[in-house]
Amino acid sequence: MREAQIAAGQQPEYDRRYRDISADEVARLEADGRSYVIRFKMPLDGQTVVPDAIRGDITFENSQLTDYVIFKSTGLPTYHLAVVIDDHFMEITHITRGDEWVNTAPIHVKLYEAFGWEMPAFAHLPVILNPSGKGKLSKRTQSFQDGNTLVLVKTSEFKENGYLPPALINFLTNIGWSFGDNVEIFGPEESMERFELEDINPAAAKMPYEKLDWINNQYIMKLTPEALTEQIMPFIERDNLPITQEQIAVLAPVVGMRLKRLTDIYEQVQYLLVDETVNLTAEQLTHKKMGPEAALAAFTAARDFIADTDDEYFNVAGISERLRAIGEIHTENEKAGPFLGTARLAITGQKVSPPLFESIVALGKDETVARLNRAIERLAG
RNA sequence: GCCCUCAUCGUCUAGGGGACUAGGACGUAGCCCUUUCAAGGCUAAAACCGGAGUUCGAAUCUCCGUGGGGGCACCA
């Protein structure tokens with residue numbers, strides 16, 4: 001029948017041919033050993049109203065509905081029959097499900113009526129759309145590339161990519177619902193106090209991934225240095241980076257605000273992994289406020305200081321004080337800035353790095369001295 | 001094709017007849033701060049899909065259109 005309808009250019013649809021079949025005929029067909037399904041007689045006219053907590057009443061013309069199968073030919077019930085029974089006996093009060101279920105709601109409503117059971121409240125939630133492409137974002141898919149951005153889908157993927165669970169929860173709660181009072185950062189307890197189903201925005205939304213980065217950074221910044229170190233280490237270990245917990249602990253107080261994701265720690269510790277100072281030229285180690293001779297003197301002073309510092313004084317405060325002083329002495333304008341800039345380059349090999357003094361402590365005395373010596377050689381030669 | 005549904009800055013949203021010169025956030029741009037990059041502070045550009053109604057008055061209500069999403073299984 002289905003094939004005949006398609007062949008005839010019609011929409012395949014059950015024609016209700018057995019809707020009012022007589023008991024005799026049923027017996028006759030059964031005797032023939034024909035397989036069969038059992039359908040639910042839906043009303044032929046009138047309307048079925050699905051009360052929805054988010055959208056209000058959704059009205060369907062019964063003439064548009066069909067007689068749904070409630071028992072398959074295997075004798076097993078279909079989902080439609082099963083949920084209604086299951087939800088009823090589980091004393092479900094609210095059915096919240098995706099938008100894609102609205103069209104099946106009328107059969108459920110009619111089944112509740114047929115059973116004479118109290119209907120739970122329905123709430124059809126908006127779906128989440130693909131970031132830039134078309135269609136909805138399926139929960140069953142995995143992360144995929146969309147243009148040049150990686151679209152994460154599963155919670156495990158968010159975790160693997162350095163997002164904190166509370167940040168993800170905050171982010172998700174903020175889609176389709178808003179906390180109010182222009183507040184964007186909030187926890188589950190606070191939002192639960194305010195949450196009402198009817199406040200949900202019925203429109204489908206795309207995930208604003210850039211905003212997730214911002215939220216995640218907000219949560220990372222709220223972490224104590226110890227907690228941040230603890231969150232970062234698993235990633236260091238996962239990727240077998242030759243970096244110690246002590247090193248991360250030194251950087252933790254100053255890198256939090258630089259991390260959108262925990263995995264951004266990689267670029268912060270780059271200078272520990274590869275020594276890019278080998279490519280530096282003498283010119284890069286000078287500054288218009290600090291010529292070659294001054295630079296040489298400054299780097300030499302810095303090297304001597306670092307090399308002579310007892311381990312117990314090899315710390316951020318001590319290094320900061322001394323290096324600033326050295327910078328001020330050897331710069332035309334008596335500001336530490338120019339020297340600290342070149343020192344960053346000489347020590348990390350990068351123009352951009354975590355704050356210098358912390359970077360030095362994390363690098364360690366020996367390596368710092370070695371890199372400074374290289375700079376001195378460049379400037380001298 | 002038929003049915004259901006949705007529609008405010010680029011994005012997530014606030015707003016539900018006069019409080020709208022349409023608010024916030026992300027992102028973007030500029031400035032300040034600053035040893036770099038960030039973070040932080042300040043400022044800026046940026047939206048009511050279109051058309052008819054209803055009304056003294058519409059982003060808000062109604063209808064039509066357009067566009068988006070979903071559905072039309074013996075799957076859930």
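Lettering of chains follows the sequences in order, A, B, ..., and the numbering in each one begins at 1.
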Looking only at side-chain atoms of [X], point me to the closest of [options].
X	options	answer
A/Met221	B/rC74, B/rC37, B/rA39	B/rA39
A/Gln218	B/rA76, B/rC3, B/rG40	B/rG40
A/Trp214	B/rC26, B/rC74, B/rG70	B/rC26
A/Glu210	B/rC26, B/rC6, B/rG23	B/rC26
A/Glu184	B/rG71, B/rC3, B/rA25	B/rA25
A/Arg55	B/rG69, B/rU13, B/rC6	B/rC6
A/Met257	B/rG23, B/rA38, B/rC4	B/rA38
A/Asn201	B/rA14, B/rC6, B/rA76	B/rA14
A/Lys206	B/rC37, B/rA14, B/rU11	B/rU11
A/Arg344	B/rA76, B/rU35, B/rA38	B/rU35

Quiz item: Where do A/Thr286 and A/Thr342 come nearest, in terms of heavy atoms and distance?
Solution: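 Scanning both residues completely, I find the closest heavy atoms to be O-CG2, 3.7 Å.
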Practice problem: Of all the heavy-atom pairs spanning A/Leu172 and A/Met207, show the shortest one and how long it is. | Solution: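 Closest approach of A/Leu172 to A/Met207: CD1-SD, 4.0 Å.
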Can you check whether [X] reaches [Y] side chain to side chain, under 4.5 Å on heavy atoms?
X	Y	value
A/Pro188	A/Thr173	no
A/Tyr18	A/Leu29	yes
A/Arg238	A/Glu160	yes

Roughly, in whole Å, what's the span from [atom1] in [X] to [atom2] in [N]?
X	N	atom1	atom2	value
A/His80	B/rA76	NE2	C1'	8 Å
A/Phe60	B/rC3	CZ	P	12 Å
A/Gln64	B/rC3	CD	C1'	6 Å
A/Glu196	B/rG16	CD	C1'	16 Å
A/Ile215	B/rG27	CD1	C1'	13 Å
A/Lys136	B/rC4	NZ	P	19 Å
A/Arg97	B/rG71	CZ	P	13 Å
A/Asn174	B/rG27	CG	P	14 Å

Please name the nucleotide paired to [N] by Watson-Crick or G-U wobble geometry with both distances under 3.5 Å, or report none.
N	value
B/rU35	none
B/rC42	B/rG30
B/rC61	B/rG53
B/rA14	none
B/rU66	B/rA7

Quote, to the nearest angstrom, the [atom1] distance that separates [N] from [M].
N	M	atom1	result
B/rA25	B/rA14	C1'	11 Å
B/rG23	B/rC48	C1'	13 Å
B/rA45	B/rC9	C1'	10 Å
B/rU8	B/rG15	P	14 Å
B/rA22	B/rU60	P	15 Å
B/rA29	B/rU35	C1'	25 Å
B/rU11	B/rA52	P	26 Å
B/rC33	B/rG41	C1'	8 Å

Exercise. Would you kindly compare A/Pro202 and A/Leu259 by the position of their nearest RNA chain B nucleotide and give the one closer to the 5′ end?
Key: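 Looking at the nearest nucleotide for each, A/Pro202 comes out on the 5' side.
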Quiz item: Do A/Ile107 and A/Ile92 share a hydrophobic cluster, counting only Ile, Leu, Val, Met, Phe, Trp and Tyr and linking them when any side-chain heavy atoms are less than 4.5 Å apart?
Solution: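 Same hydrophobic cluster.
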Exercise. Answer yes or no: is there an ion pair linking A/Glu328 with A/Arg324, defined by an N-O contact shorter than 4.0 Å?
Key: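 Between A/Arg324 and A/Glu328 there is no salt bridge, as every charged N stays at least 4.0 Å from the carboxylate O atoms.
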Quiz item: Would you say a side-chain N or O of A/Lys72 is under 4.0 Å from OP1 or OP2 of B/rC75?
Solution: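 For A/Lys72, the contact criterion (side-chain N or O under 4.0 Å from OP1 or OP2 of B/rC75) is met.
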Quiz item: Quick one: is B/rC37 close enough that its OP1 or OP2 comes under 4.0 Å of any side-chain N or O from A/Lys260?
Solution: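 False: A/Lys260 side-chain N/O out of range (4.0 Å or more) of B/rC37 OP1/OP2.
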Practice problem: Give a yes-or-no answer on whether the side chains of A/Asn216 and A/Arg261 include a donor-acceptor pair shorter than 3.5 Å. | Solution: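 Per modelled atom types, A/Asn216 and A/Arg261 side chains form no pair under 3.5 Å.
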What nucleic acid atoms does [X] come within less than 4.0 Å of, heavy atoms only: base, sugar-phosphate, or nothing?
X	value
A/Ala205	sugar-phosphate
A/Thr342	nothing
A/Gly98	nothing
A/Val127	sugar-phosphate

Quiz item: Going by modelled atom types, is there a donor-acceptor pair between the base of B/rC74 and the side chain of A/Ser73 at under 3.5 Å?
Solution: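 Counting by modelled atom types and ignoring angles, a donor-acceptor contact under 3.5 Å is found here.
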